[in-house]
**Student:** 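My questions will all concern the structure given below.
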Amino acid sequence: MQAHYRPDEIEREAQQYWEARKAFRAEERPDQPKYYCLSMFPYPSGKLHMGHVRNYTIGDVLTRFYRMKGYNVLQPMGWDAFGLPAENAAMANNVPPAKWTYDNIAYMKKQLQSLGFAIDWQREFATCKPDYYRWNQWLFLRMLEKGLAYKKAGIVNWDPVDQTVLANEQVIDGRGWRTGALVEKREIPMYYLKITAYADELLGALEQLPGWPERVKTMQANWIGKSEGVEIAFPYADDPARSLKVFTTRADTLMGATYCAVASEHPLAAKAANNNPRLAAFIEECKRSTVMEAELAALEKRGMPTGFFVVHPLSGEKLPVWVANYVLMAYGEGAVMAVPAHDQRDFEFATHYHLPIKCVIKPSQGSLKLPLTEAYIEHGISFDSDEYSGLNFQQAVDVIAAALKKKKLGRKRIQYRLRDWGISRQRYWGCPIPIVHCDSCGDVPVPDDQLPVVLPENLVPDGTGNPLTKTPAFYECQCPKCGKQAKRETDTMDTFVDSSWYYFRYACPDQKLAMVDERVRYWLQVDQYIGGIEHAILHLLYSRFWTKVMRDIGLIKIDEPFTNLLTQGMVLNEIFFRKSANGRITYYDPAEIEVELDEHGIRTGAKLKADGKPVESGGMGTMSKSKNNGVDPQALIEEYGADTARLFMMFASPPEQTLEWSDSGVEGASRFLKRLWMFARQWEPIIAEESKRRGGDFTRYEYPTGIANTVPTLAALRREIHMTLKQASFDMERKQFNTVSSAAMKMLNSLQEGVLGVDSAAQAVATADVFQRALHETMSILLRILNPITPHISHNLWRELGYSGDILTAPWPTVDESALIEEEIELVVQVNGKLRGNMRVPREAAREAIEKMALSHPSVRKYVNGQPIKKVVIVPGRLVNVVV
RNA sequence: GCCGGGAUGGCGGAAUCGGUAGACGCACGGGACUCAAAAUCCCGCGGCCGCAAGGUCAUGCGAGUUCGACUCUCGCUCCCGGCACCA
C-alpha cells in the first residue's frame, strides 16, 4: 500500500477498472428489481459548474447505494443541446452553434468521467442530433392530427433595431440587451400545444405522486390554478344584444360591482381607442411595457375609461368600462367585474381614480369598519344586495348563478390559470417545426416519410434574427400536397420540448424506427429524478403533459414519468464587490479575497489580495458569471481529487437545501480521506491477515459470548459502529447524505479511539484474535457506507485490505442488533421540564423503580424542595419529568 | 404583486414520533513534535454570572397550546426559488 493518499492515482486506477469491466452498462434483466436513477441532463454551456457536480453526485450516490442493495440500476447521461447560449457564443466568437455545442459536450463528458460517475455512456445522446429531434417533429405531427397542436397569435418581445424577437432574459429594463432600443410587444402567429386539455388530469394526478415533495406539488397545483366560478355577461348599454364577458370566483359580490375593466389588448379597448387619441396613447404605452407577468404585477395600477358602459345583469345599473393595466388578457376573458370593496386590486384602482366603492359582504359576526382602508376579501354574509342579502358565500354564489342563468346572462364554469404552451421560437438553434407554407394549400404538415426536417449545422447567427429565414437552401421546398414551390417554416421549437421526453429515449437510444420501443416498459417510470428546484413547475409539468400525450397516442402505458423526485438546492458562494464613486459595481472572485479575523476568529473585514484595500461582502448568492463568484470544479478535482469533491458536496448540507461553498470545508473533507488512508495503512497487516484467514468473507462474524464483560472496550466499539451504522442506513434511505458522511467520520473517530483503548490494554494480547475480527468487521462497515459517496478510495482500500469481491456490488451492511444492547441506560431527569441531572438505570427497570430513583435524586430533591408532586412523566428509555 | 420555501454558536449544519439543543465538520485559542514553518497529533470552544460547584439566558421577532416546543398554532421581519422566450 502507498504511504500517502494519492487521489489522482487511485482514481485513475479505479476508473480504468470499472471501464475494463463495463461495470456500469445497464441491461434489461426482468428477473431483477430495476432502479432507474436520472439526474436532469445538462445544457452543454462549456464546462461543468458546481450545480452539476452536486446534481450528479447525488444521483451517483443513489445508484451506487441501490446497486449495493441488489438492484439492476440505470444511470444514463445526455445533453440538452439546443438553446440560446449557443447562439450568443456563436455571435461572440463567429463559430457555428453546432461546433461550439459539440466541443462543449466533449469537454464536459471528460469532466463527468473524471468524477467517477457510474454512468452507462452507451446510452448517451444529444438533443440537437436529427436522430433525436425527428421524434419531436413526429410527435408534434401526431398532436396536430389530434387537435392537440394548433396555431394562433402570440405576443413576443420585439427589438425594432435588430428586427428580431428577444427572449425575456434579453430584455433589460425594457430595452434590448444589444441595441438598447425600447422593446415593443408584437403579435405573431405561433404554434401551441394544448396542455390545458390535460389540466384536470395534471392536477388530479398530483395526488398519486407520494414520492414528490409536497411543495412542488403545491406549486404545480397553484400553477394549474383550477377555480370554480361564474361567467357573467354584462350587456353593452348601447348594444344590449351583445355583452362583455367576465369570469369571477366571487359571484357573491356581484351586487357590489361598480365598474368593469378590460386588458389593454382586449378588442373593446381597441374599439374605444378608435376615436379617443388619449386612450390610444395609453394602450400604446401598455404595449411598450413588459410582457413579463412578474414585472406587470409590480407596476403601479393605472387605467383609463373607455367611454363605454355596460348594464349590470341583475340590478340594471349602468357601469363604466375601463382599460386597466392590471387585467391580464391571458386569464379568463381578459376582462373583470370590479368590486372594490371586496378585491384588493380593484380597491386600490378605485381609490386612485375615485370610483365608487360599494360594500355587500360583511363578517358573519360583527360588521365592517367604515370607511374601508383595504378590501374585505374574506367570505362572509351578503347584505345591501336586494333579494340576494343575508346569504353565506356558497348560497349567494348558487342563488346569483341561478338568477343569471335564468336571464341567460351567466353560468357556472371552471377556469384554469394554466395556459396553452407556445412552442414557436424565432430562433435558429432548435428543432425545426415540420410545417410547409404553401400559397395554395396553406400550412401543410411535413409527411412522416420526409422526416426529419434537418437543421443545417453550419449557420452563424449575427443578432439580426433567425439565419434560417435567410437560407433558401433550408426554406425553399415543394409543397408535399400539390408539389408547387413552397416555403418551409423557419421557427424552431422551445427547448422544453426536447427535455420533455428524453428520459424515455435513454431506454432505447439506438432505436431508428420508432420514438420508443418495448424497452421503455422495463425501465420506465424513472424511479428517482433529481434536479434543481428551479424546474419545479415548467419542465416537470411539460414532461408530465408529454407523457400523457404519448400514452394517449399508444406509445407507452404509464401515466406519470417520475415516481420519486428530489429537488436539490442551489450552490452558493460569497459575493465580494466594490462600488465606485459613479455607482458602478465591480465583483471580485472570492479566491482573490483575504478575510480578516479578530482573536476569536470572528470576521472583521475583507480585502482584495492584489491591493490590500477593503471590499464589501454582498452575502451568499448563487454561483454566477455576473457575480464573479463561481468555483471551477476542474481546479477542485485536480487539486484534491474527485472523492474529496464528492464528499464535500455531500457533507456540506442536505441535498434539498442550498449549499454554501467553503474552501476550508473542502480541506476538511480531504483531511478526513487522508486520515482514513493512514488508518487503513496502519492496520493493513492485521486486517489483511484476517481477510486471508477467512477467505475475504465480511458477512459473518462470531464473537465469544460474554465479550461485553471480558473485552468491554471492544464491545463498546462494536456498539458505537453498529449504532452509527443504524443511523447511516436510516439517513441513506431518506437521502440525507450529509449525516451519512458525518456517520463515516464518526466511525473513523470511534475506530481510532477504540484501537487506542484496546492497544494499550493488558488484555490486548490475550484477545488478539477477537480484536482482529472486530477491526475487520468494523472497517468493512465503514468502507461500505462510504462507498457510494467516495467510491474510488473505497474501491482501493477494499482490495488492499483483502475483502472479497468488488465493493461496487458488496451488500450494504446490516446492523447487528445484539451489539447494541446495553445493560444500563442513562435517563435524563427533569423538574418542571427543566434538565436537572441524569441517572443510570437497568435496561429493564420498572416504572415504579424509575420514579422512586428519580424522586430520591439529589438535584430533584433540591428543586422539588418539599413542594407537592403533581405528576411524574416517564418517557421510556429517555427521561423522567417531575412536575410540582 | 402572486405562488412556494427557509431562518439554530464565529461559520456549514445535527437533533428519526413534542422529550438532554449544538452530533459531524470548519474557524479560532492553547499545547506537543520541529532549528523554524507546513503537515500531523492532543486539549478547549454558544452568551452572561462564578475561583469552582453550579446558575442563568439562548433555535429570526411577538403571542399561544403543552408537564415539556428548534419541532405544533396564529401574527410579523428578513432572505431565497418560480412567474410561462434562460435552462
Side-chain angles (χ1 to χ4, degrees), chain A residues 40 42-43 45 80 83-85 154 156-157 165-171 213-216 218-219 221-223 225 291-299 301 326 330 344-345 418-419 421-422 424-427 494-496 499 532-539 541-542 567 569-570 572 597-603 619-622 648 651-654 656-669 671-672 674-675 678 727 730-731 734 736 738-739 741-746 749 826-835 837-838 870-873 875 878-879 881-884:
Chain A
M40 288 180 186
Y43 178 79
S45 54
D80 188 11
L84 204 50
V156 293
N157 302 302
V165 175
L166 298 179
N168 285 338
E169 72 158 8
Q170 296 174 316
V171 180
E214 220 42 61
R215 60 171 163 159
V216 174
T218 311
M219 279 191 261
N222 290 339
W223 185 261
V291 302
M292 288 165 75
E293 203 180 307
E295 288 176 17
L296 232 41
L299 291 177
K301 284 172 193 54
Y326 72 94
Q344 188 57 26
R345 287 164 305 179
L418 182 68
R419 310 199 289 255
W421 174 14
S424 294
R425 296 291 179 270
Q426 297 68 42
R427 271 186 262 291
D494 180 4
T495 56
F496 274 126
S499 56
I533 180 67
E534 66 274 19
H535 295 290
I537 297 176
L538 292 179
H539 162 62
L541 195 64
Y542 291 148
T567 49
M570 308 257 181
L572 314 181
L597 303 173
D598 70 7
E599 69 272 25
H600 306 292
I602 298 169
R603 192 144 113 194
M620 286 289 171
T622 55
F648 168 72
F651 178 63
S653 71
E656 307 232 81
Q657 280 180 41
T658 54
L659 181 148
E660 296 189 10
W661 186 257
S662 153
D663 287 325
S664 47
V666 172
E667 270 172 54
R671 201 142 52 213
F672 166 73
K674 278 186 208 153
R675 209 148 60 79
M678 295 311 289
Q727 176 236 312
F730 178 81
D731 288 342
R734 61 171 176 162
Q736 190 171 282
N738 56 328
T739 47
S741 313
S742 73
M745 294 174 184
K746 224 186 227 170
N749 291 346
E826 195 160 275
L827 284 190
V828 163
V829 184
Q830 297 181 332
V831 177
N832 283 345
K834 276 192 191 254
L835 176 67
N838 41 40
K870 274 198 206 153
K871 124 166 145 178
V872 179
V873 181
V875 182
R878 289 226 174 237
L879 60 74
N881 184 16
V882 180
V883 185
V884 297

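Naming convention: chains lettered A, B, ... in sequence-line order (proteins, then strands); numbering from 1 in each chain.
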**Student:** Taking 4.0 Å as the cut-off, does a side-chain nitrogen or oxygen of A:Arg878 come that near to OP1 or OP2 on B:G68?
**Tutor:** no
**Student:** Please determine, for the side chain of A:Pro654, which listed nucleotide (B:A14, B:C24, B:G1) has the closest atom?
**Tutor:** B:A14
**Student:** Looking only at side-chain N and O atoms, does A:Thr495 come under 4.0 Å of OP1 or OP2 in B:A87?
**Tutor:** yes
**Student:** Of the non-hydrogen atoms in A:Ser653 and A:Gln657, which two are nearest, and what is the gap between them?
**Tutor:** OG-O, 4.0 Å
**Student:** At their closest point, which heavy atom of A:Phe648 faces which heavy atom of A:Val666, and how far apart are they?
**Tutor:** CD1-N, 3.7 Å
**Student:** Look up atom CH2 in A:Trp223 and atom OG1 in A:Thr218, then write down how far apart they are to the nearest 0.5 Å.
**Tutor:** 15.0 Å
**Student:** Going by purine N1 to pyrimidine N3 plus the second Watson-Crick contact, or the G-U wobble pair, all under 3.5 Å, which nucleotide sits opposite B:C72?
**Tutor:** B:G64
**Student:** Classify the nucleic acid contact of A:Tyr43 as base, sugar-phosphate or nothing, counting any heavy atom under 4.0 Å across all strands shown.
**Tutor:** sugar-phosphate
**Student:** Between A:Asn738 and B:A14, does any side-chain N or O lie under 4.0 Å from OP1 or OP2?
**Tutor:** yes
**Student:** Over how many whole Å does the gap from A:Glu660 atom CD to B:G12 atom P extend?
**Tutor:** 5 Å
**Student:** Heavy-atom count around A:Arg215 CZ within 6.0 Å, excluding the residue itself: above 12?
**Tutor:** yes
**Student:** Answer yes or no: does a side-chain N or O of A:Lys870 lie under 4.0 Å from OP1 or OP2 of B:U66?
**Tutor:** no
**Student:** State whether A:Gln657 places a side-chain N or O below 4.0 Å from either non-bridging phosphate oxygen (OP1 or OP2) of B:C79.
**Tutor:** no
**Student:** Please state whether the base of B:C3 and the side chain of A:Asn222 form at least one donor-acceptor pair under 3.5 Å?
**Tutor:** no
